[in-house]
Amino acid sequence: MNTHHTSNRRTQMLWLAVGAAVAAASSPAIAQPWEFNAAADIGIIYTDNLFVDPVDETSDVIYAVIPSVSLSTEGERVSGRFLYRPEAYFYSDNNEFDDIVDVLDANFTFAVVPEAFSVFASAVNFQSIKSPEGDFPNSNIIVTDNRVDARVFEVRPIWDQRFGEVRAFASVRAIRSEFDDEVLQEQDALSSTFRLDNYAAQQGVSWQLSFRDESVEYENDIEFSYQQASASVGYWVGSGLRVFVVGGLETPLGRFDAAGLEDDFYEIGFESRPNRRLDLVVAVGKRTFGDSARLRATYRLKRGTTTLTYSQEPATRAGLLFDRRPIQDLDNLDRFGDQAGVDDRFIQKRGQWTTSLELARTQLQFRVFDERRDSRVGADGAILENEVLSGAAVRLGRQLGRKLEIGASVDAVRREEGERDNEFLQLSLDAGYALSARSSVSLELARRTQDNVADAGGDDSVEHQIRLFFRFSLK
């Protein structure tokens with residue numbers, strides 16, 4: 001049942017990434033300090049529902065050995081991080097599922113011309129859920145057919161240069177996604193952006209010219225493509241307040257398989273930065289899909305930040321997967337539906353409120369979001385039901401003394417698509433204790449539930465998990 005398996009392609013990718021990291025670290029052209037660290041996590045995990053089955057719950061004890069190596073640097077010409085972590089799991093009662101899950105996260109930025117031209121490159125290997133229609137395995141120890149190895153490669157050259165008060169920005173982002181499953185389609189994305197503006201002046205007349213072109217090409221189906229060209233004119237009314245109007249052309253709704261600048265659009269709005277703490281942008285207008293609005297409000301607290309956003313944009317699930325890279329063992333629920341097996345395009349209308357507080361011994365983070373996906377069309381051209389995602393997550397951590405830290409988290413999401421509703425909830429308590437400068441022990445208790453509201457006859461599942469880990473590191 002488990003989809004964890006080693007392929008020649010994946011092994012080659014991992015070794016190439018290792019070789020690139022070593023070559024970068026030893027290159028005399030970019031000689032600078034690199035920080036190396038190695039660690040090992042050894043633990044034992046108990047689950048009372050190994051297959052997240054709503055009826056036949058199977059318990060097991062899993063032994064985990066998770067070594068990791070990392071390289072990182074931060075310099076004028078090169079910055080980056082390389083992490084490789086093979087996760088080995090050994091099952092007591094179901095040892096036919098013993099496996100090694102490869103986790104890779106490598107990204108580097110090379111400043112070819114400092115403060116003008118740079119190149120960003122990254123490679124990621126992680127476990128992705130195939131489809132939100134299946135069971136909900138948000139942990140690498142769960143045995144299921146609904147998880148698959150996903151690899152995402154990205155190269156992005158960036159030109160960002162100032163000429164007095166005028167800023168010129170241009171970038172091209174090429175992304176390749178691959179999956180260890182013959183049914184899932186490999187995906188190639190290409191996006192380009194160009195902007196020219198004088199916003200740095202922050203006085204008098206402001207202007208901007210911009211163009212963007214986005215496309216996602218699926219292995220067997222039609223591609224998604226979208227273009228937008230715009231011009232903006234505004235005026236700084238006093239210090240920190242700008243009013244503006246934006247007009248231009250974009251790809252019509254229904255023509256996202258053949259980009260072209262055919263529909264006109266406009267926006268009017270204002271931007272306010274009265275002090276160093278508040279940054280506010282509000283705009284309303286008319287887009288190819290109807291009335292539109294966008295909002296971004298960030299307020300910097302004395303010991304934290306709170307941000308409120310709302311946007312309406314054409315999007316693809318594949319495009320969202322590119323930005324979702326869960327390299328940790330446990331996935332958060334916010335983007336759980338943006339997985340490898342669903343390739344559709346839609347109008348994304350998303351509102352979100354996030355807050356992060358760092359007090360003397362307490363950390364608090366929370367996120368509340370609501371998202372509608374309207375006018376959905378599959379990659380094969382089929383009309384799909386609209387989708388609604390909503391949820392909240394809270395994380396509270398408390399430092400008790402110099403060595404002990406405790407925490408609690410709640411993560412919940414509801415997904416609606418036609419007559420099918422799914423509710424997911426995970427609760428956890430955790431504690432970590434520093435045994436020494438290089439070793440620690442951690443304990444986590446978790447409960448995860450999946451409830452199919454539309455079909456109460458057999459799709460509900462509950463899983464409890466206990467995790468005890470010892471960690472040893474060189475630093």
Side-chain angles (χ1 to χ4, degrees), residues 154-161 166-175 187-199 205-218 221-235 242-271 281-296 310-320 322-323 343-350 372-384:
E154 177 180 351
V155 177
R156 189 191 331 172
I158 303 170
W159 176 50
D160 190 352
Q161 192 170 6
V166 176
R167 179 190 180 191
F169 176 88
S171 73
V172 178
R173 187 185 188 193
I175 302 177
Q187 302 155 359
D188 292 295
L190 183 65
S191 62
S192 56
T193 303
F194 173 77
R195 292 194 301 269
L196 191 68
D197 65 63
N198 72 336
Y199 290 169
V205 176
S206 68
W207 55 267
Q208 181 188 74
L209 300 175
S210 69
F211 174 79
R212 63 175 173 142
D213 186 344
E214 302 175 3
S215 66
V216 178
E217 183 176 349
Y218 303 102
D221 291 320
I222 61 177
E223 71 175 79
F224 163 89
S225 53
Y226 172 77
Q227 291 180 342
Q228 185 187 72
S230 67
S232 173
V233 178
Y235 189 80
R242 182 175 70 94
V243 294
F244 60 85
V245 58
V246 182
L249 298 171
E250 64 181 340
T251 301
L253 178 67
R255 290 290 307 279
F256 290 161
D257 57 338
L261 299 173
E262 300 178 24
D263 274 9
D264 57 78
F265 76 96
Y266 72 87
E267 283 186 336
I268 57 173
F270 70 90
E271 174 183 5
V281 177
V282 179
V284 295
K286 200 81 170 180
R287 299 284 299 276
T288 181
F289 49 81
D291 296 333
S292 69
R294 60 185 173 98
L295 164 70
R296 187 188 73 244
Y310 179 77
S311 62
Q312 300 174 340
E313 286 290 335
T316 67
R317 196 178 305 266
L320 296 174
F322 298 150
D323 296 321
D343 301 321
D344 55 352
R345 58 189 188 276
F346 45 82
I347 303 301
Q348 181 188 40
K349 302 176 181 179
R350 181 181 175 91
R372 291 191 58 89
R373 297 175 174 182
D374 296 338
S375 305
R376 290 180 64 216
V377 179
D380 58 358
I383 304 299
L384 304 176

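Throughout, numbering of the chain's residues begins at 1 and tracks the sequence.
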If I compare all heavy atoms of [X] with all of [Y], which pair ends up nearest, and what's the gap?
X	Y	value
Asn198	Val205	ND2-O, 3.0 Å
Ile347	Pro314	CD1-CA, 4.0 Å
Phe270	Phe244	N-CE2, 3.5 Å
Phe194	Ala170	CD1-CB, 4.0 Å
Phe169	Ile158	CE1-CG2, 3.6 Å
Leu261	Phe211	CD1-CE1, 4.3 Å

[X] versus [Y]: any side-chain heavy-atom pair under 4.5 Å?
X	Y	answer
Arg242	Tyr199	yes
Phe265	Gln228	yes
Trp207	Val166	yes
Leu384	Phe346	no
Glu262	Gln227	no
Val284	Asp291	no
Glu313	Lys349	no
Phe289	Asp374	no

One should read off an interatomic distance between Leu196 CG and Ser210 OG, to the nearest 0.5 angstrom, of 10.0 Å

At what distance, to the nearest 0.5 angstrom, does OG1 of Thr316 lie from CZ of Arg345? 10.0 Å

Salt bridge or not between [X] and [Y]? Use side-chain N to carboxylate O under 4.0 Å.
X	Y	value
Arg294	Glu267	yes
Asp197	Arg167	no
Lys286	Glu250	no

Test item: Thr251 side-chain N/O and Gly260 main-chain N/O as donor-acceptor pair under 3.5 Å: yes

Would you check if the side chain of Asp188 reaches a backbone N or O of Ala174 as a donor-acceptor pair within less than 3.5 Å? no

